[in-house]
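Source: prediction; values computed, not measured. Just so we're on the same page: letters track the sequence lines, and every chain starts at 1.
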Amino acid sequence: MTLFIKNTLSGKREEFVPIDPDNVRVYACGPTVYNYAHIGNARPAVICDLLVSVLRLLYPNVTYVSNITDIDDKIIKASNESGVPILDLTRKFEEIYNKDMSMLGVVGPDIQPRATEHIDEMISLVKRLIENGSAYEADSHVLFHVPSYSSYGMLSKRDISDQVAGSRVEVESYKKDPSDFVLWKPSTKDQPGWDSPWGFGRPGWHLECSVMSEKSLKIPFDLHAGGQDLIFPHHENEIAQSCGSIKSNDPSSFSKYWMHNAMIRMDDEKMSKSIGNILYVHDLIKKFPGEVLRLTLLSAHYRQPLNWTHETIQQSRKTLDRMYRVLKKAESFKVFEVSPPDDFMSALCDDLNTSKAMAVINSLVSSLSKAKGEDAAQFKSLLLSSAGVLGILKKSPDEWLGYSESDAADNEEIQRMIDARDRARNEKDFSLADELRDKLDEMGVEIEDSPEGTKWRKRQ
RNA sequence: GGCGUCGUAGCCAAGUGGUAAGGCAGCGGUCUGCAAAAUCGCCAUCACCAGUUCGAGUCUGGUCGACGCCUCCA
């Protein structure tokens, strides 16, 4: 099956043709670790995770790299404000990030390089750029000279000349061109820094991704992913640096394809500190199962803005509840190894059309619900293998539905009430039975009468 | 001001020229003592206008509206 993706570089939907089919290489910009990851940070991680799992079904080898940016002015600021040493701070949030993402079912990259462990490589990249005339030293800074790279603006589709004119950025006097950007900047004694040919200093933004992608994947690699807000200037500058270092004016000599996910909105508002509507994965995960959050993130196409509301989360929860209920019913059927159905895969291969893929899953769920015997085993297997690609339905139905809640003291009480209700029903004392059901309902216990007896679960 | 994206039912959301997927909610039926669950059925002409075409949600132009980037940002 052929994968098609919308390539930001061309602006078109393109067939994905790997540079080396024996090793597909993907890079995604990882987090700057100075705080908890918010739900917006999780979107690219989940999308990329899905992309990689699709690629793995199509190609024998996939190398997925996503970095940790652990040197940055925001980190310095956070460290100063909290009094926590930089290394402690960055390691702490790196660990939390990885844990939070794994709660969302993210498998994670094969390689997760840290910026601070690639300073030597950064310095040598800067050296190369100076030597070949792409960069220059000025006022203790090293700057990339944008006019030296003629394809600048190709990714973001902007013309720098009219960008700068309307821009509100103050142009530093030492810049040869207003659009030149920093590769290396000086650090004071109390700022983190490294010795370099240009003095004690630290790397500018952008540099780490160029260096770490080249080191771990070699350039050109196949695909670079990230949020839409990174297109400019971050990714544009990465291209300029990396292509500049080999004096190529073809942006695809860095990465052949570029994928960008749209932003998440909070109740139709931009997520921002000033509005105070930032939702951290760390907190969300306490309120909602990871699969609910993951499914919500996958409920809209990755290039569409996703409006994060209580309602959309509840919908995902209901969807999963139904799926697990059907799986519970089909518990006795053996699952065997199957590939996901073609219509499911072709949906995902169509630029990760998760909505369409979910439609296939829904139809498998309803087929399973109605099926008997061998058919049921077949549908169940197809359902679980498809859901596996999306990273959902990984729990046992009992665990999900809460049938096996082991809050012993509570359970005994609930069971006693259910038994009493059953007795009342047998004696046709329906008003007592209903009264008991209402009481249970108030306690957050949902009951279902079935031929096998009365089942109950705690409402989530 | 420049560049880009988007506007599909009450809500979420697919649809890259051939006659509107899927889900949630709602309504009606079956099942149930009643519920719940399950199951069956019903529920849109695609912001607006003008074009291209045998045919347009899908292409072109315009209008209105929403949003993103241009400055740290997934």
Rounded to whole angstrom, note down the [atom1] distance from [N] over to [M].
N: B/U58; M: B/G51; atom1: C1'; result: 16 Å
N: B/C59; M: B/A66; atom1: C1'; result: 23 Å
N: B/G22; M: B/C40; atom1: P; result: 13 Å
N: B/U8; M: B/C46; atom1: C1'; result: 4 Å
N: B/A38; M: B/G57; atom1: C1'; result: 35 Å
N: B/C11; M: B/A44; atom1: P; result: 15 Å
N: B/G2; M: B/C42; atom1: C1'; result: 50 Å
N: B/C12; M: B/A25; atom1: C1'; result: 11 Å

* Structure fact -> From the candidates B/G33, B/C72, B/A25, the one with an atom nearest any side-chain atom of A/K74 is B/C72

* Structure fact -> By nearest-heavy-atom nucleotide on RNA chain B, the more 5' of A/N362 and A/R43 is A/N362

Atom [atom1] of [X] to atom [atom2] of [N]: distance rounded to whole Å?
X: A/H260; N: B/C3; atom1: NE2; atom2: C1'; result: 15 Å
X: A/Y324; N: B/G23; atom1: OH; atom2: P; result: 19 Å
X: A/K270; N: B/A66; atom1: NZ; atom2: C1'; result: 15 Å
X: A/L155; N: B/C70; atom1: CG; atom2: C1'; result: 14 Å
X: A/I264; N: B/A74; atom1: CD1; atom2: P; result: 12 Å
X: A/L390; N: B/G23; atom1: CG; atom2: C1'; result: 14 Å
X: A/R158; N: B/G1; atom1: CZ; atom2: P; result: 17 Å
X: A/L104; N: B/A74; atom1: CG; atom2: C1'; result: 14 Å

* Structure fact -> Residues passing the ring pair (Phe, Tyr, Trp, His ring centres under 6.0 Å) test with A/Y302, sequence neighbours excluded, are none

* Could you tell me which residues satisfy ring pair (Phe, Tyr, Trp, His ring centres under 6.0 Å) with A/F144, sequence neighbours excluded, listed by chain and number? => A/F181

For [Y], is there an ion pair with [X] - N to carboxylate O distance below 4.0 angstrom?
X: A/K318; Y: A/D321; value: no
X: A/K99; Y: A/E95; value: yes
X: A/D449; Y: A/R425; value: yes
X: A/D73; Y: A/R202; value: yes

* Angle class for the A/Y36/A/F93 ring planes (parallel below 30°, perpendicular above 60°, tilted otherwise)? -> perpendicular

Could you let me know what [N] is paired to, Watson-Crick or G-U wobble, both distances under 3.5 Å, or none if it's on its own?
N: B/A47; answer: B/U63
N: B/U19; answer: none
N: B/A13; answer: none
N: B/C27; answer: B/G41
N: B/G57; answer: none
N: B/C69; answer: B/G2

* Structure fact -> For nucleotides 35-47 of chain B, 5' to 3', base contacts (B), sugar-phosphate-only contacts (S) and non-contacts (-) with protein non-hydrogen atoms under 4.0 Å give BBSSSS-------

* To do: For each nucleotide in nucleotides 4-15 of chain B, reading 5' to 3', give B when a protein heavy atom comes within less than 4.0 Å of its base, S when such contact involves only the sugar-phosphate, and - otherwise.
  => -------B-SSS

* Under 4.0 Å between any heavy atoms, over every strand shown, what does A/I231 touch: base, sugar-phosphate, or nothing? Just pick one. => nothing

* A/G226 near the nucleic acid: base, sugar-phosphate alone, or nothing, with a heavy-atom cut-off under 4.0 Å? -> sugar-phosphate

* Asked: Taking the six-membered ring for Trp, are the ring centroids of A/F16 and A/Y257 within less than 6.0 Å of each other?
  -> yes

* To do: Would you mind reporting whether A/S82 and A/K77 have side-chain heavy atoms less than 4.5 Å apart?
  => no

* With sequence neighbours left out, write down each residue that passes salt bridge (Lys or Arg N to Asp or Glu O under 4.0 Å) with A/D180, or none if nothing qualifies. => none

* To do: Go through the structure and list residues passing salt bridge (Lys or Arg N to Asp or Glu O under 4.0 Å) with A/D434, not counting sequence neighbours.
  => A/R437

